[in-house]
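Structure, as structure tokens:
Chain letters run A, B, ... following the sequence lines, proteins first and then strands; every chain starts at 1. Quick caveat: nothing in here was measured; it's all calculated off a predicted structure.
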Amino acid sequence: MADTVEPRTSRGLRDLLPAEMLARQWMIDTIRGVYELYGFVPIVTPAIEYLDVLRGSSAGSEAQQSIFTVRNPEKEELGLRFDLTVPLARVIAQYRDLPRPFRRYQVSPVWRADKPGPGRFREFTQFDLDSVGVESEIADTEIIAGMCDTLRALRVGPFRVRFSSRGILNSLLAYASLSAEQGADVFRVLDKLDKVGPEKVRLELTTGYVDASGDPIPGVGLSSEAVDKIERFLQIRSDDRREVVAQLRDLFAGVEGAEAEIAVVEKISNHLYSLGYGEDQVSLDLSIARGLAYYTGPVFEAILLDAPQFGSVFGGGRYDGLVMRFLGEKVPAVGASIGVDRLLAALVHLGKAGHQKSTAKVLITNMDPALADDYVAMTWELRRAEIPTELYLGTARGPGKQLKYADAWGVPIAVLYGSNEKEKGIVTLKDMDAGRQRAKALANRQEWLGERPGQREVPRDGLVAAVREMLDQIEA
RNA sequence: GCCGGUGUAGCUCAGUUGGCGAGAGCGCCUGACUGUGGAUCAGGAGGUCUCCGGUUCAAAUCCGGACACCGGUACCA
């Protein structure tokens with residue numbers, strides 16, 4: 001016995017088999033369609049970047065251990081990208097002659113060396129779109145509208161895009177007399193509101209608590225007056241975005257800088273109203289904080305109302321400071337990112353994706369080696385008529401095995417052609433699904449064989465037309 | 001990182017208080033049925049029982065350790 005290698009994949013990595021790839025490609029194509037309609041352009045950047053590009057020059061000690069590091073022959077310090085935003089900032093800084101605004105999309109895998117969890121992997125794909133170099137809130141509006149259009153195009157069922165703003169949260173800090181440093185912790189905790197509920201958020205903002213597993217969760221150590229003010233802020237909830245804006249103005253009256261931040265959010269909301277994005281699609285939800293530190297303005301995320309357990313499937317915000325790392329100059333930018341894997345998992349869960357198993361619509365079976373020329377001819381005839389067709393190339397001889405093969409791959413139509421058909425100048429078409437349905441009702445094999453469900457004989461020279469007709473019928 | 005759980009066939013799992021040649025279902029292969037998927041029936045292939053050490057006449061089973069995976073929780077630029 002020769003030594004063999006055990007086939008396996010490293011932790012947190014997985015293979016995407018055909019059924020999943022087909023669903024994913026459909027999803028990506030659909031999203032791409034929306035963003036090209038909006039006039040975004042594609043780019044791709046290398047998976048591998050210099051470590052200092054990924055980390056930032058100053059951030060030696062920052063908590064960025066989840067980068068996979070990579071060795072090259074020159075022994076340079078390299079790593080796999082962990083998102084698509086940092087490489088975008090690099091591109092903006094590196095290609096100074098790119099016209100701005102630069103509005104691009106990118107769909108690519110990213111890597112994080114975290115502990116994998118349910119629906120969470122070390123290699124996963126993001127679909128990002130960003131507008132770089134636009135100060136106007138119309139860019140933010142465009143991203144939010146695009147999120148709505150994308151989710152509608154994907155037929156995800158009811159969804160909600162929720163947005164807020166870091167500017168408003170900063171006003172909250174001023175209102176509650178908190179420092180910017182405390183702010184980072186506060187935002188992180190607020191982001192968990194949906195998941196853990198208001199009591200635990202209060203505990204985590206003050207003293208901390210011990211969770212069900214006995215793991216102590218440290219508190220942020222805020223005073224109860226500060227937490228009271230935060231809670232008053234969080235109580236502003238309404239489906240009506242205008243109502244939220246009004247209450248916010250009321251609460252933050254006299255807080256320095258607050259009015260300007262509220263005005264930005266109000267403008268976005270009004271643009272969206274005038275475009276027909278009402279409360280059923282977009283809500284102004286002040287509990288949205290987003291975990292990332294680099295956001296500077298509006299932030300947004302989308303959830304599926306029929307699958308809320310999948311969390312945010314699409315999120316983003318404005319980050320006016322990120323390009324500064326490379327250019328030393330402030331370049332405004334706003335964008336959003338779709339977690340392709342998470343959204344796809346949600347769609348499969350909802351039964352809205354993942355049904356297609358094959359690209360071929362027709363399998364030409366191969367029963368008689370003497371007729372090889374006919375099989376090849378029929379195959380290319382169909383292909384040249386733009387009908388995706390596979391010629392059976394395996395070793396099984398009888399039609400039984402070959403039909404089983406068609407069944408296993410979910411090919412909707414099989415073509416049977418042997419000496420009988422050749423003599424009569426016909427081909428036999430078989431609608432696989434019709435047979436599948438019929439099989440449920442039949443217990444006895446003689447009946448099953450005798451009936452030959454879903455089969456039709458058509459003239460050999462009418463093959464293409466007959467297949468097309470049968471496909472139309474199946475797809476209707 | 002912390003807490004808990006689980007490692008037995010390709011997959012899902014059963015294996016009683018340790019007891020001779022290690023099981024089931026699904027899947028796969030062959031045949032009944034040499035030109036028809038499903039169903040049924042018969043047969044077949046497929047296992048270092050995660051690994052290392054210990055206890056014992058005897059370990060998949062008990063003990064210790066390692067590793068891996070799963071779930072929860074924390075962190076997440």
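At the phosphate of rG37(B), OP1 or OP2 sits under 4.0 Å from a side-chain N or O atom of Arg445(A). When the side-chain nitrogen and oxygen atoms of Lys192(A) are compared with OP1 and OP2 of rA74(B), one or more of them lie within a distance under 4.0 Å. In terms of phosphate contacts, Arg188(A) brings a side-chain nitrogen or oxygen within less than 4.0 Å of OP1 or OP2 of rC75(B). Distances shown here put every side-chain N or O of Lys115(A) at or beyond 4.0 Å from the OP1 or OP2 atom of rA68(B). Distances shown here put a side-chain N or O of Arg11(A) below 4.0 Å from the OP1 or OP2 atom of rC69(B). OP1 or OP2 of rG37(B) sits under 4.0 Å from a side-chain N or O of Trp448(A). Between Lys404(A) and rG38(B), a side-chain N or O to OP1/OP2 separation shorter than 4.0 Å is present.
A stacking contact links Phe82(A) to rA77(B): the aromatic ring centre lies within less than 5.5 Å of the base's six-membered ring centre, and the planes differ by less than 30°.
Contact annotation for Arg81(A): no contact, since no heavy-atom pair falls under 4.0 Å across all strands. Residue-level contact check: Asn420(A) touches the bases, meaning some heavy atom is under 4.0 Å from a base atom. Across all strands shown, Gln455(A) has heavy atoms under 4.0 Å from base atoms, whether or not it also approaches the sugar-phosphate. Residue Arg438(A) is classed as having no contact, given no heavy-atom separation below 4.0 Å to the nucleic acid. Gln446(A) comes within contact range of no nucleotide atom at all, as no heavy-atom separation falls under 4.0 Å. Across all strands shown, Thr365(A) has no heavy atoms under 4.0 Å from either base or sugar-phosphate atoms. Using a 4.0 Å heavy-atom criterion, one finds that Gly398(A) contacts no nucleic acid atom at all.
Nucleotides rG15(B) and rA22(B) place their C1' atoms 9 Å apart, quoted to the nearest Å. With P as the reference atom, rC52(B) and rC29(B) are 34 Å apart, rounded to whole Å. With both ends at atom P, the span from rC11(B) to rG47(B) equals 13 Å, rounded to whole Å. Atom name P, nucleotides rU12(B) and rC69(B): the rounded distance is 15 Å, in whole Å. When the C1' atom is compared between rG53(B) and rC67(B), the two are found 14 Å apart, to the nearest whole Å. Nucleotides rC51(B) and rU61(B), compared at atom P, are 10 Å apart to the nearest Å. Look at the C1' atom in both rA60(B) and rG72(B): the space between them is 29 Å, to the nearest Å. Of the C1' atoms belonging to rC3(B) and rC49(B), the separation is 28 Å, rounded to the nearest Å.
The interatomic distance linking Lys430(A) (NZ) with rG37(B) (P) rounds to 8 Å, in whole Å. If you take CD1 of Ile67(A) and C1' of rA77(B), they are 8 Å apart, rounded to a whole angstrom. Going from atom CD of Glu447(A) over to atom P of rU40(B) covers 16 Å, rounded to whole Å. Distance, Asp114(A) CG to rC75(B) P: 13 Å, rounded to whole Å. Protein atom CD of Glu457(A) is 17 Å distant from nucleotide atom P of rG35(B), rounded to whole Å. We find that CG of Asn444(A) is positioned 13 Å from C1' of rC33(B), with the value rounded to whole Å. Rounded to whole Å, atom C1' of rG71(B) lies 16 Å from atom CD of Gln309(A). Between the CG atom of Asp15(A) and the C1' atom of rC11(B) there is a distance of 16 Å, given to the nearest Å.
When the shell of 6.0 Å around CD of Glu181(A) is examined, it contains 12 or fewer heavy atoms from other residues, nucleotides or ligands. Counting heavy atoms of neighbouring residues, nucleotides and ligands inside a 6.0 Å radius, atom CD of Glu451(A) exceeds 12 of them.
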request  = Take Asp431(A) and Arg436(A) through the salt bridge (charged side-chain N to carboxylate O under 4.0 Å, His left out) test and state the conclusion after the steps.
outcome  = CA-CA 9 Å; Asp431(A) 172 347; Arg436(A) 210 172 287 129; over 6 Å; no

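Here the closest non-hydrogen pair linking Ala360(A) and Ser358(A) is N-OG, 2.9 Å.
In this entry rU55(B) has no Watson-Crick or G-U wobble partner, no candidate having both defining distances under 3.5 Å. Using the Watson-Crick or G-U wobble rule with both distances under 3.5 Å, rG7(B) pairs with rC67(B). Using the Watson-Crick or G-U wobble rule with both distances under 3.5 Å, rU36(B) pairs with nothing in any strand shown. Pair check for rC2(B) finds rG72(B); Watson-Crick or G-U wobble, both atom distances under 3.5 Å. Nucleotide rG43(B) forms a pair with rC29(B), judged by Watson-Crick or G-U wobble geometry with both contacts under 3.5 Å. Figure legend. rU17(B) is base-paired to no nucleotide; pairs are counted as Watson-Crick or G-U wobble with both atom distances under 3.5 Å. The partner of rU48(B) cannot be assigned: no Watson-Crick or G-U wobble pair with both contacts below 3.5 Å exists in any strand.
Across rG38(B), rA74(B), rU36(B), the shortest atom-to-atom separation from the side chain of Ala439(A) is found for rG38(B). Taking only side-chain atoms of Glu204(A), from C-beta outward, the nucleotide of rC75(B), rU36(B), rU73(B) with the closest atom is rC75(B). You'll find that the side chain of Ser66(A) is closest to rA77(B), out of rC76(B), rA77(B), rG35(B). With rA77(B), rC75(B), rG31(B) as the choices, the nucleotide that has an atom nearest any side-chain atom of Arg112(A) turns out to be rA77(B). The side chain of Lys401(A) sits closest to rU30(B) out of rG35(B), rU30(B), rG37(B).
For the residue pair Thr428(A) and Arg452(A), no side-chain donor N or O sits within less than 3.5 Å of a side-chain acceptor on the partner.
Put simply, the residue from Arg55(A), Glu77(A), Glu76(A), Arg90(A) that forms a side-chain contact (heavy atoms from CB on, under 4.5 Å) with Tyr50(A) is Glu76(A).
Ring geometry for Phe127(A) versus Tyr35(A): interplanar angle of 30 to 60°, hence tilted.
The cationic group of Arg122(A) does not satisfy the cation-pi geometry with Phe68(A), failing either the under 6.0 Å distance to the six-membered ring centre or the 45° limit from the ring axis.
Taking only distance into account, the side chain of Glu421(A) meets the base of rG35(B) through a donor-acceptor pair shorter than 3.5 Å.
Between Phe40(A) and Tyr105(A), a ring centre-to-centre spacing not shorter than 6.0 Å is recorded.
Along RNA chain B, the nucleotide nearest to Gly12(A) and the one nearest to Val86(A) differ in position, and the one closer to the 5' end is contacted by Gly12(A).
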